[in-house]
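The block underneath contains the structure these notes are about, expressed in structure tokens.
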Amino acid sequence: MSLNVHPEWHEEQQRANAVGELIRSRISQLQEQVGVVRSEIVTIRKEFWDDVTVNFEDAAEAAETFASMKQQAEVLSERERSHRHAHAQLKLLERLKETPYFGRIDFQETGESLSERVYIGIGSLLDDEGETFLIYDWRAPVSGMYYDFAPGPADYETPMGRIEGTMDLKRQYMIRHGEILSLFDTGITIGDELLQQVLGKHSDAQMKSIVATIQREQNQVIRDTAHQLLVVQGAAGSGKTSAALQRVAYLLYRYRETLNAEHILLFSPNSMFNSYVATVLPELGEENMQQTTFQEYVEHRVGEAFRVENPFEQLEYALTAMDETIYPARRAGIGFKASTDFLAVVEAYVGRLKTEGLVFKAIEFRGRELLSADELREKFYAYDPTWSIPNRLVDLAEWLQQRLRQSAKAERQAPWVEDEIELLDREAYLEAYNQLRRQKQFTEHTFDDFDREKATLAAMVVNEHYKPLRKAVKRLSFIDLPATYAALFADPELAQTLAPAASLPERWPAVCADTARRLAAGVLPNEDTTSYVLLKDRIEGSHRNLKVRHVFIDEAQDYSPIQLAYLHQLFPFAKWTVLGDWNQAIHVQAAESDGFQDLLQLFGEGQARTVPFSKSYRSTRQIVDFTRGMMPNGATIEPFNRDGAKPTMTVAADTALMRELVYRKLAELSADGNRTVAVICKTAEESREVYTFLKDRIPVRLIGMETVTFEQGLVVIPAYLAKGVEFDAVLLYNASQASYGRESERRLFYTACTRAMHELHLFGTGEISPFVTDTPDDTYSILRVSS
């Protein structure tokens, strides 16, 4: 119902005015308070030592000094806490000033004679007496009914138990600068009118948090606290990531006494995505959680032993190297090494290493061998075989430190030590002199004094040279992990011996040979990264993270079973929220299944919940109708009813004309005011070629693996880097059969097309990709251009 005819519009506007006036008054008071507290903090810091009596003459004076310092520090700390709190309140009020609330429910609790009006916004606001909520935070328990129920019977959970009653009214507002622009009553879903306005806007460089449009299924995900594992399987543009970030905000609100942003970790698809979502939580008044990629996390564990191939390099290889002889074997190896079968092989290999096979490195000093690799191996395997490998290595390291101390003592007599003593500066001699004085070993300059000084200097020189050896032993660097891992592939029959039930690929001997070649060249293939780090943890000792209490994984369909199993070992006590869409499983190691069965088994029965998101909100109905026709299960994807133009397929006579047509459409879309337009190419190489053609004709930015920020404007980007983000318009480059003709590329093609919010234009030459022709003819327009 429009505001002009709504019978309560005048009353609602009066309330909005009153709330707005209160907010402005509070802002004025807080600004003054923040200024005063800031001045106090500056003054305390300047005069800190003036107000502290420093006296260490005796124990009593020292105690008084420490007490005085502690008192001043506590005053400063209290003022700083007060400033942070006031500043946070000020930021919230500034946001409420623009849009104080977006929803209202009238709820009558069972047993009560009157219903309560509950106004819902992005933060809470109390009246001047501090007793009545004028606005409830959207995360408050009572606010959950706004998202979950239609007028009628309703209930909500509180820490004290379930509250039941009747919802008499559910109302939505669009308020800007205190003025009610729209006002309407609605049923169970958040009204289409509000969503139409939100989704019809141009895309920004960063994801926006729109708590006013949270849908019921999204709210179930946001507020779930009962399950260890929450799996959200949703179509492209169904709001998975947005719901996950709002879930983070909800958890920080509900458990604000015990949970902070450092306890939450998000694994995102790439570094650029981190910047894209960076403003969501701050808009909700919360700090950003920790963010990383799986690649960054495991690279840190690999260290400098290898150059680690990243997943995008691996995907580039899969998309471009089909003519290489080793290609079939590499693809087979990637698939097998992603599986739980290979995990079983690695675990069995660790069991074998308890009795044989661990490779050691000799301990060397100044070009000579102090301890051979054979000595280390014999010593290690002489320990009790029932001990774990990490425990035996601890004992071995202690034994090595003792041997190094003995070796260092004998080394003091070596000729090179005397040569280095002669080159020492005055400070070194002074240090030796003071050391002997502290030990009270100097007499009245007898002959022995000079001998003692020389011995002390010799010990100093040798200890300095042995220091790197001692540090290396402490880091267990005497273990040759690369060689130990490579030995797993030295004999192709070893894997079958270790895990007879494992289904090795037919090309396993070729896989082993290729893996050994890459490892010898100092490159750790992406498909080997997780198993290498897992082996490292089994040998050196696991590195479990007990601080992180909530793990979020976006684009989880691109994680292999072995990667998910490894993360489960890293965060054994954390709750997980996993977001995925199997139609967008584009990485080579992604499992072929249409679910997270391996992950569900890790958590056990009753610990997991799966929530489907079937409605796509990002794209217009016409774009969703077109893209869902590409996928076998596309009929389950439900478009939101937002109209737009049909996608277009333009077929050019040759590549030169196709590029020219892409440029013309790009210029047209830019002139029409679109904020973000992407030319999406298949590979990084193709992206560079298109960028080179465009960059001198129109302002355009090339997005690559090294790009860490997402900005508005015109971009050229490989399809796999566009995951998770959206654009006003998408121009898909070279949608021809020659470029997108293999079944393995269907999901990549679908992912690229589903980045478009308002317009989708495909360009190609020759035969059109079967992924286009598979869709119903009436879902797109086709144009053939010869010149």
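Numbers here simply count residues along the sequence, with the first being 1.
- Looking at residues two or more places apart in sequence or on another chain, you find no salt bridge (charged side-chain N to carboxylate O under 4.0 Å, His left out) involving E287.
- Of the possible donor and acceptor atoms, none in the side chain of R544 sits under 3.5 Å from a partner among the backbone N and O of P572.
- Side-chain atoms of T484 come within 3.5 Å of backbone atoms of V359 as a donor-acceptor pair (strictly under, hydrogens ignored).
- One finds the CG atom of N583 at 10.5 Å from the CD atom of Q233 (value rounded to the nearest 0.5 Å).
- Side-chain atoms of K723 never come within 3.5 Å of backbone atoms of A752 as a donor-acceptor pair (strictly under, hydrogens ignored).
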Exercise for the section: Determine, step by step, whether F603 and H227 satisfy the ring pair (Phe, Tyr, Trp, His ring centres under 6.0 Å) criterion, reporting the C-alpha distance in whole Å, the side-chain angles of both residues, the deciding distance to 0.1 Å, and the verdict. Expected result: CA-CA 10 Å; F603 280 84; H227 298 89; over 10 Å; no
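- Among residues two or more places apart in sequence or in another chain, the salt bridge (charged side-chain N to carboxylate O under 4.0 Å, His left out) test is passed with E689 by R659.
- Listed by chain and residue number, Y383, W387, E398 satisfy the side-chain contact (heavy atoms from CB on, under 4.5 Å) test with D395 (two or more places apart in sequence, or in another chain).
- Put simply, the side chain of L396 reaches to within 4.5 Å of the side chain of F478, judged on heavy atoms.
- With sequence neighbours left out, the ring-ring contact (aromatic ring centres under 6.0 Å, His included) criterion links Y532 to F306, Y485.
- For S339, the side-chain contact (heavy atoms from CB on, under 4.5 Å) partners at least two apart in sequence or on another chain are F336, D341, F342.
- For the residue pair D581 and Q584, a side-chain donor N or O sits within less than 3.5 Å of a side-chain acceptor on the partner.
- At a threshold of 4.5 Å between non-hydrogen side-chain atoms, the residues E540 and P390 do not count as touching.
- Ring-plane geometry between H465 and F365 is classed as perpendicular, the angle between the planes exceeding 60 degrees on a 0 to 90 degree scale with a lower cut at 30.
- In this structure, CD1 on I363 lies 5.5 Å from CG on L376, to the nearest 0.5 angstrom.
- Other residues, nucleotides and ligands place no more than 12 heavy atoms under 6.0 Å from the CD atom of E493.
- Rounded to the nearest 0.5 angstrom, D598 CG and I562 CD1 are separated by 11.0 Å.
- Look at E527 and R330 and you find a salt bridge, because one of the NZ, NE, NH1 or NH2 atoms lies within 4.0 Å of a carboxylate O, short of that distance.
- Counting only residues at least two apart or on different chains, the salt bridge (charged side-chain N to carboxylate O under 4.0 Å, His left out) pairs with a member in residues 372-384 are D374-R377.
- Proximity of a side-chain donor or acceptor of E316 to a complementary backbone N or O of A684 within less than 3.5 Å is detected.
- Taking the six-membered ring for Trp and thresholds of 30 and 60 degrees, Y740 and F771 have ring planes more than 60 degrees apart, a perpendicular arrangement.
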Exercise for the section: Take F552 and F267, measure what ring pair (Phe, Tyr, Trp, His ring centres under 6.0 Å) needs, and give me the verdict at the end. Expected result: CA-CA 6 Å; F552 286 73; F267 284 95; over 10 Å; no
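- Shown here for L498 and R352, the closest heavy-atom pair between the two residues is CD2-CD, 3.7 Å.
- Looking at residues two or more places apart in sequence or on another chain, you find a salt bridge (charged side-chain N to carboxylate O under 4.0 Å, His left out) between R301 and D537.
- Side chain of E313 to main chain of N310: a donor-acceptor pair is present (N/O by atom type, distance under 3.5 Å, no hydrogens or angles).
- Applying the side-chain hydrogen bond (donor to acceptor under 3.5 Å, both in side chains) rule to Y327 yields the partners R331; only residues at least two apart in sequence or on another chain are considered.
- Listed for the T340 side chain is no donor-acceptor partner under 3.5 Å among the backbone atoms of L343.
- Evaluation of the side-chain contact (heavy atoms from CB on, under 4.5 Å) rule for T497 yields no partner, not counting sequence neighbours.
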Exercise for the section: For the pair H587 and Y559, evaluate ring pair (Phe, Tyr, Trp, His ring centres under 6.0 Å) and give the outcome as yes or no after the intermediate values. Expected result: CA-CA 8 Å; H587 282 286; Y559 284 64; 9.0 Å; no
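- In this structure, R549 contributes its side chain and I264 its backbone to no donor-acceptor pair below 3.5 Å.
- With respect to the salt-bridge test (charged N to carboxylate O, under 4.0 angstrom), the residues E686 and K682 do not qualify.
- Annotation for Q607: atom CD counts as buried by contact number, over 12 foreign heavy atoms lying within 6.0 Å.
- Qualifying side-chain contact (heavy atoms from CB on, under 4.5 Å) partners for R470, counting only residues two or more places apart in sequence or in other chains: Q401, L404, N463, Y466, K467.
- Using a cutoff of 4.0 Å between basic side-chain nitrogens and carboxylate oxygens, R366 and E411 are not scored as salt-bridged.
- The closest donor-acceptor contact from the side chain of E369 to the backbone of A362 lies at 3.5 Å or more, if one exists at all.
- Taking OH from Y720 and CG from L319, the interatomic distance works out to 7.5 Å, rounded to the nearest 0.5 Å.
- Side chains of E555 and Q557: a donor-acceptor N/O pair is present below 3.5 angstrom, by distance only.
- Distance alone, capped at 3.5 Å, is enough to place a donor-acceptor pair between the R755 side chain and the T751 backbone.
- Pairs engaging residues 502-523 under the side chain to side chain donor-acceptor pair (under 3.5 Å) rule: K337-T515, D514-R517, D514-R518 [sequence neighbours left out].
- Classification of the W576-H568 ring pair by plane angle, with boundaries at 30° and 60°, yields perpendicular.
- A donor-acceptor pair under 3.5 Å links the side-chain atoms of R392 to the main chain of K354, judged by distance alone.
- The salt bridge (charged side-chain N to carboxylate O under 4.0 Å, His left out) check on R742 picks up E745, with sequence neighbours excluded.
- Note that OG1 of T577 and CG of L579 are 7.0 Å apart. Values are rounded to the nearest 0.5 Å.
- With values rounded to the nearest 0.5 angstrom, I717 atom CD1 is found 7.5 Å from T707 atom OG1.
- Residue E685 places its CD atom among 12 or fewer non-hydrogen atoms of other residues, nucleotides or ligands, all under 6.0 Å distant.
- For the residue pair T241 and D554, a side-chain donor N or O sits within less than 3.5 Å of a side-chain acceptor on the partner.
- The side-chain heavy atoms of I680 and F749, taken from C-beta on, include no pair separated by under 4.5 Å.
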